[in-house]
Protein chains: 2
Amino acid sequence: MPNNTPSLKFAYHHGDLPKQTLDLALKTLRELGDAAISLRALAKQLGVSAPALYRHFSDRDTLLAELAIGGFEALTDRLGAVDQTTPRTALIEIGLVYVKFAQEEPNLYRLMFGGRVLPLGAHPRLDAAGKRAFTVLENTVSNARQLGYLKPSPVSMTTAAAWSLVHGLSQLTIDGHLPSAKAEPTLTEGVLSLLLDGARSDTRQQSQQDSNL
Amino acid sequence: MPNNTPSLKFAYHHGDLPKQTLDLALKTLRELGDAAISLRALAKQLGVSAPALYRHFSDRDTLLAELAIGGFEALTDRLGAVDQTTPRTALIEIGLVYVKFAQEEPNLYRLMFGGRVLPLGAHPRLDAAGKRAFTVLENTVSNARQLGYLKPSPVSMTTAAAWSLVHGLSQLTIDGHLPSAKAEPTLTEGVLSLLLDGARSDTRQQSQQDSNL
DNA sequence: TAACAATGTTATCGATGTTAACTTATGCCG
DNA sequence: CGGCATAAGTTAACATCGATAACATTGTTA
């Protein structure tokens, strides 16, 4: 007798094991970190033998990569939803959204940018997902520069500075080296403003070779 | 009969196993990353049984913590050696030295700031070593501010911005997301200058609430 | 020299990732 | 409708790892 959802791929023995595996892995990641993700433990909780998971994930690392891809997609969505009407607010808001994502999903963010696991080049789909998130930030910077809001520095350099700032702030806050937004709500915006306006006290349009040290 | 080096701690069966263990672990870390550090493998290479290492390191994590402590001490030394005569060059140089360290010791740097392993609070001596490195940077910022070179923003905020920038740039370059100093020699200094001078094109002394957007 | 602590050893436990070989369910196709 | 290829699961097994317990040996010292 046919199922009520005809075109949907049938649940085999289990009910859509791949998705349930990813869901449980994501839950474990959020609560305990990636080191706590064990294929055997996942399988046991899903009522399935451990090698069953290998029918759907060739490797533990590719399962982790799948989680990271989902993270980059979520981040890309959030960054893409930022209001882009004025350059400054767009830049600030992009930074705020970025740091907020990291602080809301610290273990996922660490997995996405761990470096130790999931090195660049090993999982092409993951690399592509990361690049898409980066492009949103780059486009925002590029747009602000074309509108004359930013200095005519190379886009790559301004983007590198912006990304480094938000990434570093994210890492340092979720690791407890700097106060997170809950303890210091104005920190992120203040730091972003410093990059835009300059940390130096006397800021006319000049560069360092004018040497008024 | 006394040994020729009287005050030196005696080599037991092995010749200073703790130090040799740390040396080999550091070598392994540099070449293969922290995930490749296995107590059993270390012991085998040292010609010793695995549980022997537990006489000197209560845990695998404390061995890793010891490596990270050494890393922070090396970083602190390098940061402390920076010339502090003029605020701007001191700030720039601190950043250059910081990023250079990360790029020269990527696996060690990742261990020091991994977050996954060695979370803050688990190894007090490690936390203290990290704090000492941070203090060098903080003092440099604080000094530059007192000399009037930096805006009168709170020191904590300016320091957070500076640390976030160099830490983020370090992470992103050693993970391959941004070009390293070898591929783009001017990137680090350019990014640092952006923070000092501001990324915005029109930079008079004003803050964002002046609203000339 | 006898007690004692420091430093090793072997044996063992429990957990992990992964592969091989086998079994069963499912959907397609003649 | 029946057989068959294959997708999806099973058990068994291997290698490795961190860690502990129980025991042996070496060096120090009262």
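Below, read A as the first sequence line, B as the second, and so on, with proteins coming before strands; counting in each chain starts at 1.
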What protein N or O atoms touch nucleotides 9-12 of chain C N or O atoms at under 3.5 angstrom, if any, and at what distances?
{"unit_1": "dT9(C)", "atom_1": "OP2", "unit_2": "S49(B)", "atom_2": "N", "d": "2.6"}
{"unit_1": "dT9(C)", "atom_1": "OP2", "unit_2": "S49(B)", "atom_2": "OG", "d": "2.6"}

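R125(B) pairs by the side chain to side chain contact (heavy atoms under 4.5 Å, CB included) definition with E66(B), I69(B), not counting sequence neighbours.
Between I37(A) and R60(A) the shortest side-chain heavy-atom distance falls below 4.5 Å.
Summarising the geometry, the separation between CG on D59(B) and C1' on dA19(D) is reported as 9 Å, rounded to the nearest angstrom. The distance from atom CG of D16(A) to atom C1' of dA7(D) is 14 Å, rounded to the nearest whole Å. Going from atom CG of L46(A) over to atom C1' of dG9(D) covers 13 Å, rounded to whole Å. Rounded to a whole Å, the CG atom of L39(A) is 16 Å from the C1' atom of dC17(D). The nearest whole Å value for the distance from the CD1 atom in I37(A) to the P atom in dA15(C) is 19 Å. With rounding to whole Å, D61(B) atom CG is found 14 Å from dC17(D) atom C1'. Rounded to whole Å, the distance from CZ on R60(A) to P on dT18(C) is 8 Å. Between Q20(A) atom CD and dG9(D) atom C1' there is a gap of 15 Å when expressed in whole angstrom units.
H56(A) has a side-chain polar atom (N or O) that falls below the 4.0 Å cut-off from OP1 or OP2 of dG9(D). The side chain of S38(A) places an N or O atom within less than 4.0 Å of a non-bridging phosphate oxygen (OP1 or OP2) of dG17(C).
Aromatic pair F134(A)/H177(B): centroids not less than 6.0 angstrom apart.
Of the possible polar contacts, none joining the R30(B) side chain to the L108(B) backbone as a donor-acceptor pair under 3.5 Å is found. With R78(A) contributing its side chain and Y98(A) its backbone, the two residues share no donor-acceptor pair below 3.5 Å.
Summarising the geometry of L22(B) relative to L67(B), their closest heavy-atom pair is O-CD2, 3.7 Å, with the distance given to 0.1 Å.
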